[in-house]
Number of protein chains: 2
Amino acid sequence: MNKFSLCPRYEIAFSILGKKWTGLIIRCLLDGPKRFSDLSELIPHLSAKVLADRMKELEQLKLVNRTVYPEIPVKIEYSLTEQGRDLEQTLHAVQAWAEKWITVDCK
Amino acid sequence: MNKFSLCPRYEIAFSILGKKWTGLIIRCLLDGPKRFSDLSELIPHLSAKVLADRMKELEQLKLVNRTVYPEIPVKIEYSLTEQGRDLEQTLHAVQAWAEKWITVDCK
DNA sequence: ATTTTTTAATTACTTTATGTAAGTATCATA
DNA sequence: TATGATACTTACATAAAGTAATTAAAAAAT
């Protein structure tokens, strides 16, 4: 066996995608910018606390932009950066795998 | 409890890949069968405890086979099932994304 | 006969992540 | 004054992951 550890990049990449809810959030944003409440509705088992945590992380990682529109009431939109959108192939691959292998009623 | 709403398959898929270390373990196994100690060496920041937990989960999910060779000392090999190997495209997509966007020294 | 070695874990304990329910801040309208 | 909408935050509880030491089985070494 070779004894070299994996490239740190992969560990970093998997430490992002390997967090609960991250993949689903980014997948939702692939459809276009979304508000906090949109994401909450689209992913109903994701709590406001964890959604807030994830959006902060994704913003810091530069995968997501947070834009404030000073309307009344204030409107905040989350959208993918180029780096975030570039996960599209990855997430589509997950989707294809899920459709092939996971058997559940799916409307 | 386990009410999956959006597309249940998709939530289930991310509940597997969205666990820490799962992606890296499967990626290692894409290179061929590996022993417990091989995986430990390949993923040095992964503890024996969590590796054992993950291998049990992946075996139950039918993504990984566990084969016991009654040699002395006993040899146990983990290999991907067809379902597990079929994550190759997904993991290669993650790898491509990591290589494009994550900048780290990588020997 | 007892100790050591090897592989593949397990155990006890600590720390971090996530879940749950309620509360906060801001501004506008009734 | 009270209520409603949006986007969170807070306090607390449980689940998952990290750490270090220990175990089991069998052969080999002392």
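Convention: sequence-line order gives letters A, B, ...; per-chain numbering from 1.
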Original post:
Base, backbone or nothing for each nucleotide of nucleotides 16-30 of chain C, written B, S, -, heavy atoms under 4.0 angstrom, 5' to 3'?
Top reply: --BBB------SS--
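OP1 or OP2 of dA8(C) lies within a sub-4.0 Å distance of a side-chain N or O belonging to Ser37(B). The side chain of Arg35(A) places an N or O atom within less than 4.0 Å of a non-bridging phosphate oxygen (OP1 or OP2) of dA7(D). Not one side-chain nitrogen or oxygen of Lys34(B) sits closer than 4.0 Å to the OP1 or OP2 atom of dT7(C).
Ser15(A) places a side-chain N or O within 3.5 Å of a backbone atom of Ile12(A) that can act as its donor or acceptor partner.
Whole-Å rounding puts the Lys75(B) NZ to dT5(C) C1' distance at 19 Å. dA7(D) atom P lies 14 Å from atom CD of Glu59(A), rounded to whole Å. Leu51(B) has its CG atom 14 Å from the P atom of dT19(D), to the nearest Å. dA8(C) atom C1' lies 14 Å from atom CD of Glu71(B), rounded to whole Å. The separation between Met55(A) atom CE and dT6(D) atom P is 17 Å, rounded to whole Å.
Nucleic acid contact for Tyr78(A): sugar-phosphate only, since backbone atoms but no base atoms lie under 4.0 Å from a heavy atom of the residue.
Looking at heavy atoms from C-beta onward, Trp21(A) lies in side-chain contact with Glu11(B) at the 4.5 angstrom threshold. Counting heavy atoms from C-beta on, the side chains of Leu91(B) and Leu30(B) come closer than 4.5 Å.
By the criterion of side-chain heavy atoms lying less than 4.5 angstrom apart, applied directly or through intervening Ile, Leu, Val, Met, Phe, Trp or Tyr residues, Leu80(A) is grouped together with Val68(A) in one hydrophobic cluster.
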Report all side-chain donor-acceptor pairs from residues 51-66 of chain B shorter than 3.5 Å, counting only partners two or more places apart or in another chain.
{"from": "Arg54(B)", "atom 1": "NE", "to": "Lys20(B)", "atom 2": "O", "distance (Å)": "2.9"}
{"from": "Arg54(B)", "atom 1": "NH1", "to": "Glu57(B)", "atom 2": "OE1", "distance (Å)": "3.3"}
{"from": "Arg54(B)", "atom 1": "NH1", "to": "Glu57(B)", "atom 2": "OE2", "distance (Å)": "3.2"}
{"from": "Glu57(B)", "atom 1": "OE2", "to": "Lys19(B)", "atom 2": "NZ", "distance (Å)": "3.3"}
{"from": "Arg66(B)", "atom 1": "NE", "to": "Tyr78(B)", "atom 2": "OH", "distance (Å)": "3.4"}

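Residues passing the ring pair (Phe, Tyr, Trp, His ring centres under 6.0 Å) test with Phe14(B) are Tyr10(B), sequence neighbours excluded.
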